[in-house]
Amino acid sequence: MDIFWFLTFTVLLAGYFALEGFDIGLGVLLPVLGRTPAGRDRLVGAMAPFVLANEVWLVALAGVLFGAFPVLEGQALSRMYPLVVALLLAWIVRDAGLWFRCRADGAAWRLVWDGALWAGSAGLALAWGAILMAVVRGLPASPLDVPAVAAGLALLALLAWHGRAFAAWRLQEGRRGSGRALLVSACAAAAPAVLVMAVATGHMLGNAAPDQTLSVLSVMVVPIAPILVGAQVWVWRTFSKGALPAFF
């Protein structure tokens with residue numbers, strides 16, 4: 001059972017970066033690709049319908065960590081507390097920018113929340129890069145250092161590329177090769193998560209919950225998995241083509 005839940009955790013982490021990664025990357029590129037208010041509206045309209053569905057992967061990931069690897073959950077919170085706090089704050093700021101930007105009229109209002117969307121997206125990429133580096137290094141006592149910053153910047157660049165590929169696919173319908181480029185960038189965005197999990201395999205399997213707990217967790221979670229997958233498929237089938245929504 002521990003191997004099953006380790007693989008589940010790995011799939012969720014890789015899926016989060018492959019899917020939510022383009023939302024983060026597009027937020028980072030918002031000032032670059034959307035140099036006018038109309039351009040930014042178009043970019044946000046392209047990504048916004050996918051955000052909630054993609055964030056479900058992170059919620060499920062946290063649930064698996066808490067239920068199947070409780071010892072590691074405690075270690076992660078204690079040793080990476082500044083990074084976890086930074087991640088949560090960036091997540092809140094990014095979502096606030098996304099949902100508040102069109103809740104009132106005025107260029108200044110929208111510019112402020114566009115800035116929040118950009119800052120939160122950049123913060124998410126930097127925090128995640130530092131967290132992945134900390135895991136590779138065995139959760140050091142001081143996770144904020146030069147390697148952490150370098151990893152954050154590298155992940156930010158990778159997710160920005162992923163976001164650019166998504167924008168090319170979503171906003172330029174009919175462009176040859178854009179779907180293939182998006183698939184390549186999605187695999188590249190998921191690759192760091194897979195590599196980190198490969199490094200952490202022994203430590204995670206050695207700190208899994210007892211088999212009885214994992215069995216109960218399987219009975220509770222596995223029946224819900226098809227619903228989550230079905231919801232993800234519905235979102236992509238509904239919003240991947242056609243006109244962009246105008247309420248973002």
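With Leu98 as the partner, the side-chain contact (heavy atoms from CB on, under 4.5 Å) test is satisfied by one option alone out of Val44, Asp114, Leu52: Val44. Residue Leu26 is tested with Leu159, Leu117, Leu43 for a side-chain contact (heavy atoms from CB on, under 4.5 Å); the sole match is Leu43.
Closest of all the heavy-atom pairs between Val136 and Val199 is O-CG1, 4.2 Å. Between Gly27 and Ser121, the closest heavy-atom pair is CA-OG, 3.4 Å. Here the closest heavy-atom approach between residue Ala190 and residue Phe17 is recorded as CA-CB, 4.2 Å.
Residues Val135 and Met204 are not in side-chain contact: their nearest non-hydrogen atoms beyond the backbone lie 4.5 Å or more apart. Side-chain contact check for Phe6 versus Thr201: some heavy-atom pair is nearer than 4.5 Å.
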Side-chain polar contacts of residues 28-39 - donor-acceptor pairs under 3.5 angstrom, sequence neighbours left out - could you list them?
{"unit_1": "Arg35", "atom_1": "NE", "unit_2": "Val32", "atom_2": "O", "d": "3.2"}
{"unit_1": "Thr36", "atom_1": "OG1", "unit_2": "Gly39", "atom_2": "N", "d": "3.0"}

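Counting non-hydrogen atoms of other residues, nucleotides and ligands closer than 6.0 Å to CH2 of Trp161 gives a total above 12.
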Requested in this report: Apply the test side chain to side chain contact (heavy atoms under 4.5 Å, CB included) to residues Leu72 and His203: give CA-CA distance (whole Å), side-chain angles for both, the deciding distance (0.1 Å), then the verdict.
Outcome: CA-CA 9 Å; Leu72 297 180; His203 188 62; 3.4 Å; yes
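One hydrophobic cluster, built from ILVMFWY side chains closer than 4.5 Å, holds both Leu124 and Trp99. Side-chain heavy atoms closer than 4.5 Å link hydrophobic residues (I, L, V, M, F, W, Y) into clusters, and following such links, possibly through other members, connects Ile3 to Phe69. Leu87 and Phe66 fall into different hydrophobic clusters, where Ile, Leu, Val, Met, Phe, Trp and Tyr side chains are chained together by heavy-atom contacts under 4.5 Å.
When the side chain to side chain contact (heavy atoms under 4.5 Å, CB included) test is applied to Pro147, the partners found at least two apart in sequence or on another chain are Met133, Arg137, Asp145.
You'll find the ring centres of Tyr16 and Trp128 inside the 6.0 Å limit.
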